[in-house]
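Notes for the one structure printed next.
FYI, side chains are in, hydrogens and waters are out, and symmetry mates aren't considered; it's all heavy atoms of this structure. Convention: sequence-line order gives letters A, B, ...; per-chain numbering from 1.
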Protein chains: 2
Amino acid sequence: MPLQPVSPRSVPDEVFDQVLAEVVDGGLEAGEALPSERRLAEVLGVSRPAVREALQRMAQTRLVEVRHGGSTTVRDFRRHAGLDLLPRLLLRGGGLDAAVARSILEARLVVGPGVAALAAERGGPALVAALTAAVEALAGTEDDVERQVHALAYWDVVVDGADSLTFRLMFNSLRAAYEPALEALAPLMAEEVGQVGAYRVLTAAIGEGDPDTARAAAERVLRPATTSLLTALKALENSEE
Amino acid sequence: MPLQPVSPRSVPDEVFDQVLAEVVDGGLEAGEALPSERRLAEVLGVSRPAVREALQRMAQTRLVEVRHGGSTTVRDFRRHAGLDLLPRLLLRGGGLDAAVARSILEARLVVGPGVAALAAERGGPALVAALTAAVEALAGTEDDVERQVHALAYWDVVVDGADSLTFRLMFNSLRAAYEPALEALAPLMAEEVGQVGAYRVLTAAIGEGDPDTARAAAERVLRPATTSLLTALKALENSEE
DNA sequence: GTGGTCAAGTGGTATGACCAGTAGCCGAGA
DNA sequence: TCTCGGCTACTGGTCATACCACTTGACCAC
């Protein structure tokens with residue numbers, strides 16, 4: 001096993017995670033009031049600034065509402081939280097959350113072809129060259145994890161080609177959710193990233209400049225693994241209940 | 001003009017916004033180091049905790065990288081920031097950013113039909129009832145702003161029906177970007193939200209349970225206004241250059 | 001060159017104090 | 001009895017300061 005860089009967890013990080021877990025896993029219902037900052041600091045055995053920093057970050061994520069003079073209350077994260085919360089929800093409670101993973105796969109299958117279509121509309125020769133290079137990198141390795149990384153890099157180029165800030169940020173958020181689990185998912189995704197041919201077809205389709213062709217090609221890249229993973233997850237979800 | 005609730009801007013908020021503007025508008029390049037917290041506090045005339053809180057929030061948004069003992073450096077927000085940054089980018093520099101608005105419209109056109117298809121797969125009679133109620137609320141007003149609000153509520157129900165956490169959070173993020181500009185956009189979106197018939201057709205399509213029908217119906221709801229707005233924005237973008 | 005040491009600078013954390021806004025109690029007045 | 005006003009206790013907001021922990025780079029011994 002390769003050495004991993006150590007990542008020291010700061011006190012506010014710790015507090016943030018604990019409060020987040022309470023909110024997300026239902027220990028605290030929406031509308032409920034949190035203990036005061038002083039009280040929390042006392043209970044957790046940390047200083048008030050540390051608590052304060054954690055709560056402010058919670059507020060930024062729209063998970064709680066902090067009111068000067070009043071108490072801090074929990075908000076309904078399903079109604080207000082943004083896509084940046086996805087990584088936290090995917091890894092909730094130690095393992096992968098099957099329902100969240102399913103929804104990510106579904107979203108990918110919707111967004112991917114849309115992005116490819118836009119890239120086809122807007123890309124030029126430079127984009128095709130970058131895509132080709134990315135495909136060759138993908139073809140140049142046999143390792144499943146490395147292939148994952150190269151596939152991700154390929155889509156990164158596609159997103160660049162789409163020239164859409166919204167899709168770019170969306171992709172960043174999804175990638176942030178995906179990357180921590182990348183290694184664990186490598187065997188499951190091997191089927192997809194091993195089909196270099198499909199990526200070549202997609203590259204050519206984008207190069208042709210026809211959105212519909214690109215859309216279809218992207219779907220052919222994403223659909224097979226998505227389908228098989230979804231059925232696997234469905235079995236998992238049912239067995240959990 | 002109706003009275004607006006005052007929203008007191010805290011010191012860390014102010015600092016956050018200033019640093020954010022520097023990073024997003026290019027005053028600080030990616031990789032560049034920020035002044036130290038003490039120096040920033042001195043320059044801005046605030047305390048170090050205030051600066052610290054702002055920087056931590058920047059770090060949470062993945063706009064800067066804070067290293068203990070080292071200096072805080074700017075990251076490339078296009079490469080790392082998540083969808084939660086969208087509202088800030090849309091309203092960059094006082095007005096609406098045309099390129100960002102365009103990308104939101106494009107994303108909407110891709111994601112909306114996808115969500116509708118999922119809702120058709122999973123929704124039952126209860127969903128249709130909720131959708132019908134939402135359409136009736138939409139039909140019950142003539143005011144453009146109110147219609148906007150009701151249309152948003154309608155899509156909210158669709159997203160619920162899709163039973164996908166990813167799309168739910170995505171919708172929340174897009175709505176957070178959209179809502180501040182809702183009033184300004186009302187006249188432009190009037191064309192879309194006035195077509196109650198299209199919403200009824202979409203509702204029926206979702207009720208039928210056929211994803212493809214629902215997808216097509218959703219596109220018929222979204223496409224017309226999207227197209228006309230895109231051409232308007234294109235003219236705007238060109239005139240800006 | 002390699003590794004060790006050290007000082008300076010940076011972020012991390014804690015403490016304590018005080019300011020500012022909220023909410024509820026409670027008495028004075030209608 | 002009701003209502004208004006202010007008082008009070010509690011909450012979050014901000015600050016100054018001190019000290020800890022880490023990184024960096026220079027310098028030095030090996």
Both Pro12(A) and Gly70(A) contact DNA chain C. Which one's nearest nucleotide lies toward the 5' end?
Pro12(A)
Whole-Å gap separating [atom2] ([N]) and [atom1] ([X]):
X        : N       : atom1 : atom2 : result
Glu37(A) : dG21(C) : CD    : C1'   : 13 Å
Arg39(B) : dG9(C)  : CZ    : P     : 13 Å
Asp13(B) : dT14(D) : CG    : C1'   : 13 Å
Leu40(A) : dT11(D) : CG    : P     : 11 Å
Glu53(A) : dT14(D) : CD    : P     : 14 Å
Arg48(B) : dT15(C) : CZ    : C1'   : 14 Å
Leu34(A) : dT11(D) : CG    : P     : 12 Å
Glu65(B) : dT10(C) : CD    : P     : 18 Å

Indicate yes or no for a side-chain donor-acceptor contact from Glu32(A) to the backbone of Glu29(A) under 3.5 Å, with no hydrogens or angles considered.
yes
N/O donor-acceptor pair under 3.5 Å between Asp25(B) side chain and Gly27(B) backbone:
no
Note: Arg168(A)-Asp163(A) ion pair, threshold 4.0 Å (strictly below):
no
Is any side-chain N or O of Arg38(A) under 3.5 Å from a base N or O of dG12(D), one able to act as donor and the other as acceptor?
yes
Can you find a donor-acceptor pair, distance only, under 3.5 Å between Arg67(B) side chain and dG12(C) base?
no
Which nucleotide wins on minimum distance to the side chain of [X], given the candidates [options]?
X        : options                   : result
Ser36(B) : dA17(C), dT10(C), dT11(D) : dT10(C)
Ala50(A) : dT13(C), dA14(C), dT14(D) : dA14(C)
Pro49(A) : dG12(C), dT10(C), dA14(C) : dA14(C)
His68(A) : dG12(C), dG21(C), dA17(C) : dG21(C)
Val11(A) : dT13(C), dG12(D), dG11(C) : dT13(C)

For a quick check of understanding: with a heavy-atom distance under 4.0 Å over all strands, which category does Arg52(B) fall into, base, sugar-phosphate or nothing?
base
If only side-chain N and O atoms of Ser71(A) are considered, is one of them under 4.0 Å from the OP1 or OP2 phosphate oxygen of dT22(C)?
no
Counting just side-chain N and O atoms, does Gln56(B) come under 4.0 Å of either OP1 or OP2 of dG11(C)?
no
Do Thr61(B) and Gln60(A) get their side chains close enough for a donor-acceptor pair, meaning under 3.5 Å?
yes
Kindly check if the number of other-residue, nucleotide or ligand heavy atoms within 6.0 Å of CZ (Arg67(B)) is above 12?
yes
